[in-house]
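Chain naming here is simple, since letters A, B, ... match the order of the sequence lines and numbering starts at 1 in each.
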Amino acid sequence: MTLRLTNTLTRTTETFIPLKDREVSIYCCGVTVYDLCHLGHARSYIVWDVLRRYLMWQGYRVTFVQNFTDIDDKILQRAASEGSSMDAVSERNIEAFFTDMDALNILRADRMPRATRCLDGIRALIGDLEQRGAAYSADGDVYFAVMKAPGYGKLSGRDLAEQQGGASGRTADVEEARKRHPFDFALWKGAKPGEPSFPSPWGAGRPGWHIECSAMVRAELGDTIDIHLGGADLIFPHHENEIAQSEAASGKPLARYWLHNGMVNVGGEKMSKSLGNFTTIRALLESGVSPMTLRLFVLQAHYRKPLDFTAAALEAAATGWKGLGGALAVGRSQQGLLGWSESAAGSGAALPEELAASRRRFVAAMDDDLNTAAALGELFELARPLRALANRLQRGDLPSEADRVLGGRWRLLVELAEVLGLQPDQPRPLTAPGSSSAEANLAGCTAPQALHDGAIETMVAERKAAKANRDFATADRLRDELREQGIELVDKPGGITVWLRG
RNA sequence: GGCGGCAUGGCCAAGUGGUAAGGCAGAGGAUUGCAAAUCCUUUACCCCCAGUUCGAAUCUGGGUGCCGCCUCCA
């Protein structure tokens, strides 16, 4: 079993072989911190989080580096429009980034360099490129000369000669006039009056967009890394230019595998800040969508395909998560009844054949270019009896002998779900600080209490009396009233009614 | 115009040569006063046309439709 990944560079799916045995270096293009992250970012970082988790689960030592672009025109605009500073805008959005990503259970990168703190490396890299004749300065700007990069266009499938005509007529501004080739791009931009700037051998200014990633990769991970990640919209020009810069400086390949995730669409169109059709992660979570629902929604599609964001699809994911999450939680929330231990399922040696086969199918799906949709299918299969069990227990049934045997299945489910970053939702804060979570969940009273137990019991008793008189209108009214308060009633054989808080 | 991708049931979505995973929604039955939950059963001529093959959703050619990149973008 070996992991195969689709490499944009070769346009084929290749067996993944890291540079060093059992070690993987990954660089993931991060965000420009001028605003909150939207669902496009969520998808990208969820998918790459799963790649990372899967590699770790497979025993690789992973070093994961992700940058913050905190020097940028849009940040400056934002700062100007709100009368604050570039630093203030960046700082605020970096904090927001962590809040959102933590909520989505995305593991934090091992290192998160910021452009403003990597200026030495950036200047050094530009200097190297200048020395090698791949960079030239013009009126305070420094540009990369794409004609000096023989392989330019290899990632995005572009041919410099063919593209030249089309590109040159497009923009006829001052910057274009300074360039020797229309595809040449800024390594260093001379400061404009009033802008924050940093000193450099070419005058005060700031780095171009692409150079920071090249400099960070070199500083954090070396000349050649195993995997470089990003959204498909970064293939050109960003990643193409990164390759050109880094490889011109080092003479070595920048990354062995280039992986790109598909876009999130809204109504068939790409979600992007410039189109204004975006939903922020924060807004979505605040609207009551659980982080795990979003994760499930993202992982139900293959990472390279476009993903259409619709209310209906999200609702389906929410319902799906309700079942899967319930199955994941059952071992812990009903531990008192089931007595299952949480120790890891291990490598599978001791698993019964049915579970071992399930695990193999999960691995095969993930090995196949991270087929998380198929992997999730396996999780749902595993979860089915557990979900049913969870529902029965929650409604007051007692587990049967057949149920108790499901412990191994539960542990495997938890282990595999963890690879996808899927964890049971955090229980809401307990009102009684002294009680253990297991007891609280058993009693079904983790939520803040709108109605006291006594009041509920009274209504339940009234309903029982109404039912006895075959006054079903009253009985149903009482049930509806309780439902409005989030109390669900379950009639069981023998005239017993149990209730639980939703 | 150049480069790349996608088209599978009511919706979402796997499957890339041997008679179609999974999720959501729906239907029938058991159970229930009715619900909910649970259990059983059930729902696809894989965009079109031609070809290769014993056999194609899966390969080839053509067509149609949709999307992304080529400008900041996850």
Side-chain angles (χ1 to χ4, degrees), chain A residues 8 11 13 28-32 34 37-48 66 69 72-74 153 155-159 162-163 165-167 170-171 183 209 229-238 240 260-265 268-275 278 296-297 299-302 304-308 310 312-324 361 365 368 371-381 383-385 387-397 466-468 470-473 475-476 479-480 483 488-493 498 500:
Chain A
T8 307
R11 270 155 227 123
T13 304
C28 178
C29 274
V31 285
T32 302
Y34 71 98
C37 289
H38 58 65
L39 264 24
H41 301 107
R43 179 189 198 185
S44 188
Y45 300 140
I46 285 171
V47 158
W48 303 138
Q66 182 173 22
T69 299
D72 172 84
D73 286 337
K74 293 205 188 82
L155 183 71
S156 56
R158 255 153 261 259
D159 181 350
E162 262 179 32
Q163 302 276 314
R170 199 162 39 235
T171 46
F183 274 18
W209 175 34
L229 304 172
D233 52 352
L234 297 182
I235 295 171
F236 189 90
H238 185 53
E240 194 70 73
H260 293 97
N261 64 274
M263 300 292 98
V264 172
N265 290 171
E269 272 198 324
K270 174 182 166 181
M271 176 179 290
S272 76
K273 292 185 184 176
S274 47
L275 288 175
F278 63 90
L296 187 65
F297 170 67
L299 296 176
Q300 271 186 312
H302 185 87
R304 280 187 293 106
K305 285 196 183 182
L307 174 62
D308 212 30
T310 63
L314 201 67
E315 245 175 74
T319 317
W321 172 246
K322 216 175 127 194
L324 189 55
R361 285 192 295 269
D368 180 19
N371 189 344
T372 53
L376 273 170
E378 210 47 54
L379 257 53
F380 275 104
E381 294 277 9
R384 191 173 297 139
R387 181 176 45 182
L389 173 64
N391 280 322
R392 276 184 278 115
L393 295 186
Q394 203 192 12
R395 272 145 232 279
D397 289 1
K467 277 174 68 179
R470 303 196 70 79
D471 177 7
F472 297 122
D476 290 350
R479 183 169 62 196
D480 289 344
R483 184 176 291 146
E488 202 182 339
L489 299 188
V490 183
D491 291 337
K492 295 165 61 83
V498 299
L500 47 112

Within the 4.0 Å heavy-atom criterion, would you say [X] contacts the bases, only the backbone, or no part of the nucleic acid?
X: A:Ser156; answer: sugar-phosphate
X: A:Ala301; answer: sugar-phosphate
X: A:Val264; answer: base
X: A:Lys270; answer: base
X: A:His38; answer: base
X: A:Asp480; answer: nothing
X: A:Arg395; answer: sugar-phosphate
X: A:Glu381; answer: sugar-phosphate
X: A:Gly40; answer: base
X: A:Ile235; answer: nothing
X: A:Asn261; answer: base
X: A:Ala374; answer: base
X: A:Gly153; answer: nothing
X: A:Phe297; answer: nothing

- Query: For A:Tyr34 and A:Lys273, what are the C-alpha separation, side-chain angles and deciding distance, and is it a side chain to side chain contact (heavy atoms under 4.5 Å, CB included)?
  - Reply: CA-CA 11 Å; A:Tyr34 71 98; A:Lys273 292 185 184 176; 2.8 Å; yes

- Message: Can you build the contact string for nucleotides 24-33 of chain B? Use B for base contact, S for sugar-phosphate-only contact, and - for no protein heavy atom under 4.0 Å.
- Response: SS-------B

Gap between atoms [atom1] and [atom2], on [X] and [N] respectively (whole Å):
X: A:Lys322; N: B:A36; atom1: NZ; atom2: C1'; value: 10 Å
X: A:Leu296; N: B:A14; atom1: CG; atom2: P; value: 13 Å
X: A:Asn371; N: B:A13; atom1: CG; atom2: P; value: 13 Å
X: A:Met271; N: B:C72; atom1: CE; atom2: C1'; value: 17 Å
X: A:Phe236; N: B:U71; atom1: CZ; atom2: P; value: 6 Å
X: A:Asp308; N: B:C6; atom1: CG; atom2: P; value: 17 Å
X: A:Glu240; N: B:C3; atom1: CD; atom2: P; value: 15 Å
X: A:Arg11; N: B:G5; atom1: CZ; atom2: P; value: 8 Å

- Item | Under the ring pair (Phe, Tyr, Trp, His ring centres under 6.0 Å) test, residues paired with A:Phe278 that sit two or more places apart | A:His38

- How would you list, by chain and number, every residue that makes a ring pair (Phe, Tyr, Trp, His ring centres under 6.0 Å) with A:His238, sequence neighbours excluded? A:Trp209, A:His210

Looking only at atom [atom1], what distance separates [N] and [M], rounded to whole Å?
N: B:C6; M: B:A50; atom1: P; answer: 24 Å
N: B:A56; M: B:G51; atom1: C1'; answer: 12 Å
N: B:G15; M: B:G22; atom1: C1'; answer: 11 Å
N: B:C54; M: B:G62; atom1: P; answer: 24 Å

- Considering heavy-atom distances to RNA chain B, does A:Arg304 or A:Gly262 have its closest nucleotide positioned more toward the 5' end? A:Arg304

I'd like to check the salt bridge (Lys or Arg N to Asp or Glu O under 4.0 Å) partners of [X]; sequence neighbours left out, ordered by chain and number.
X: A:Glu240; answer: none
X: A:Arg43; answer: none
X: A:Asp233; answer: A:Lys270
X: A:Arg387; answer: none

Would you tabulate the pairs of protein nitrogen or oxygen atoms and nucleotide nitrogen or oxygen atoms of nucleotides 57-61 of chain B closer than 3.5 angstrom?
none

- Query: Less than 4.5 Å apart, any side-chain heavy atom of A:Pro237 and any of A:Phe183?
  - Reply: no

- Residues at least two apart in sequence or cross-chain that pass side-chain contact (heavy atoms from CB on, under 4.5 Å) with A:Ala374, listed by chain then number, are A:Ala365, A:Asn371

- Query: Of the non-hydrogen atoms in A:Ala317 and A:Leu296, which two are nearest, and what is the gap between them?
  - Reply: O-CD2, 3.4 Å

- Query: Phosphate oxygens OP1/OP2 of B:C67: is one of them under 4.0 Å from a side-chain N or O of A:Lys305?
  - Reply: no

- Query: Side chain of A:Arg11, backbone of A:Leu155: donor and acceptor closer than 3.5 Å?
  - Reply: yes

